[in-house]
Amino acid sequence: IRDGSGKLHRERLQIYHPARIDKAGYNDFDLPWLPQTLSAKYYADASGVSMASPDKLLVLRLVDRGRETARVSLSPGQSGMLGGMNVRLVGVEKWTGLIFVNMPGMGWVFFGFSIIVLGVILQYCTPPRELYAQRGADGLRLSWKATRFSEFYEDEYRSIIAAVGGGDMA
């Protein structure tokens, strides 16, 4: 933005990306060198076809005590006049924000989450195994089953059979 006195002001306007193609992202900016509020409206696609279109549109308004005093519509690379100021839209880029929260108890929330993750890992990596023993007239009948990875735990079954002195492992 080049003001009426010729001074150049480079501003990065962070406006939320619209949620849908037929909606716009809005934000108001109180710049320290500008007596009015700069109100911005951003469309992801001016023609309303695709959210990934290169046809972006930025509408800037100067607002003084709730009343619009000037307006300009710009696409990337275009210039225009906004209330006696020359405005140029250099480019449009996606941005994001990262928030660090320092609140009492957040450590306990992450600790609880890690306990849950550990439980899920243990549940997946140590599947339950069932051993069924039945004494009959001719001896002891054993049945063993693993819900997942049964071939991985096959040596466990063989060691149980060997421990009780079984011979036939059918």
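- The two residues Arg2 and Gly6 come nearest to each other via the heavy atoms NH1-O, 3.0 Å.
- The side-chain contact (heavy atoms from CB on, under 4.5 Å) search around Ile121 returns Val117, Cys125, not counting sequence neighbours.
- Taking every heavy atom of both residues into account, Tyr26 and Ile15 meet most closely at N-CG2, 3.8 Å.
- Residues Leu62 and Val59 are members of separate hydrophobic clusters, defined by side-chain heavy-atom contacts under 4.5 angstrom among Ile, Leu, Val, Met, Phe, Trp and Tyr.
- In this structure, Asp155 has no side-chain hydrogen bond (donor to acceptor under 3.5 Å, both in side chains) partners at least two apart in sequence or on a different chain.
- Among residues two or more places apart in sequence or in another chain, the side-chain contact (heavy atoms from CB on, under 4.5 Å) test is passed with Tyr124 by Arg148, Phe149.
- Grouped by direct or indirect side-chain proximity (heavy atoms under 4.5 Å, Ile/Leu/Val/Met/Phe/Trp/Tyr only), Trp108 sits with Phe111, Ile115.
- Phe29 is linked by a ring-ring contact (aromatic ring centres under 6.0 Å, His included) to nothing, counting only residues two or more places apart in sequence or in another chain.
- When the salt bridge (charged side-chain N to carboxylate O under 4.0 Å, His left out) test is applied to Asp22, the partners found at least two apart in sequence or on another chain are Arg20.
- When the salt bridge (charged side-chain N to carboxylate O under 4.0 Å, His left out) test is applied to Glu130, the partners found at least two apart in sequence or on another chain are Lys145.
- Its side chain within the 4.5 Å cluster rule, Leu122 clusters with Leu118 among the Ile, Leu, Val, Met, Phe, Trp and Tyr residues.
- Between the side chains of Asp45 and Ser50, no donor N or O sits under 3.5 Å from an acceptor N or O.
- Qualifying side-chain contact (heavy atoms from CB on, under 4.5 Å) partners for Ala46, counting only residues two or more places apart in sequence or in other chains: Asp55, Leu57.
- Once rounded to the nearest 0.5 Å, the distance linking CD1 of Ile1 with CG of Asn86 reads 10.0 Å.
- Here OG1 of Thr37 is found 10.0 Å from CZ of Arg61. Values are rounded to the nearest 0.5 Å.
- Hydrophobic clustering (side-chain heavy atoms under 4.5 Å, transitive across Ile, Leu, Val, Met, Phe, Trp, Tyr) keeps Leu58 apart from Val90.
- Residue Tyr16 comes nearest to Tyr42 through the heavy atom pair O-CD2, 4.3 Å, listed as atom of the first residue, atom of the second, then distance.
- In this structure Phe113 satisfies the ring-ring contact (aromatic ring centres under 6.0 Å, His included) test with no other residue, sequence neighbours excluded.
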Which side-chain N or O atoms in residues 7-14 pair as donor and acceptor under 3.5 Å with protein atoms at least two apart or in another chain?
| from | atom 1 | to | atom 2 | distance (Å) |
| --- | --- | --- | --- | --- |
| His9 | NE2 | Asp3 | OD2 | 3.1 |
| Glu11 | OE2 | Trp33 | NE1 | 2.8 |

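- Asp28 and Ser39 share a donor-acceptor pair across their side chains, judged by distance under 3.5 Å alone.
- Closest approach of Gly25 and Pro18 over heavy atoms only: N-CG, 3.9 Å.
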Original post:
Step by step, would you call Val63 with Gln36 a side-chain contact (heavy atoms from CB on, under 4.5 Å)?
Top reply: CA-CA 6 Å; Val63 180; Gln36 301 97 343; 6.0 Å; no

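- If you chain together hydrophobic residues whose side chains sit under 4.5 Å apart, Tyr43 and Val87 never meet in one group.
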In a table with atom names and distances, give each donor-acceptor pair under 3.5 Å that connects a side chain of residues 70-84 to protein atoms at least two apart or in another chain.
| from | atom 1 | to | atom 2 | distance (Å) |
| --- | --- | --- | --- | --- |
| Arg71 | NE | Glu68 | OE2 | 3.1 |
| Arg71 | NH2 | Glu68 | OE1 | 2.9 |
| Ser75 | OG | Lys56 | O | 3.3 |
| Gln78 | OE1 | Ser75 | N | 2.9 |

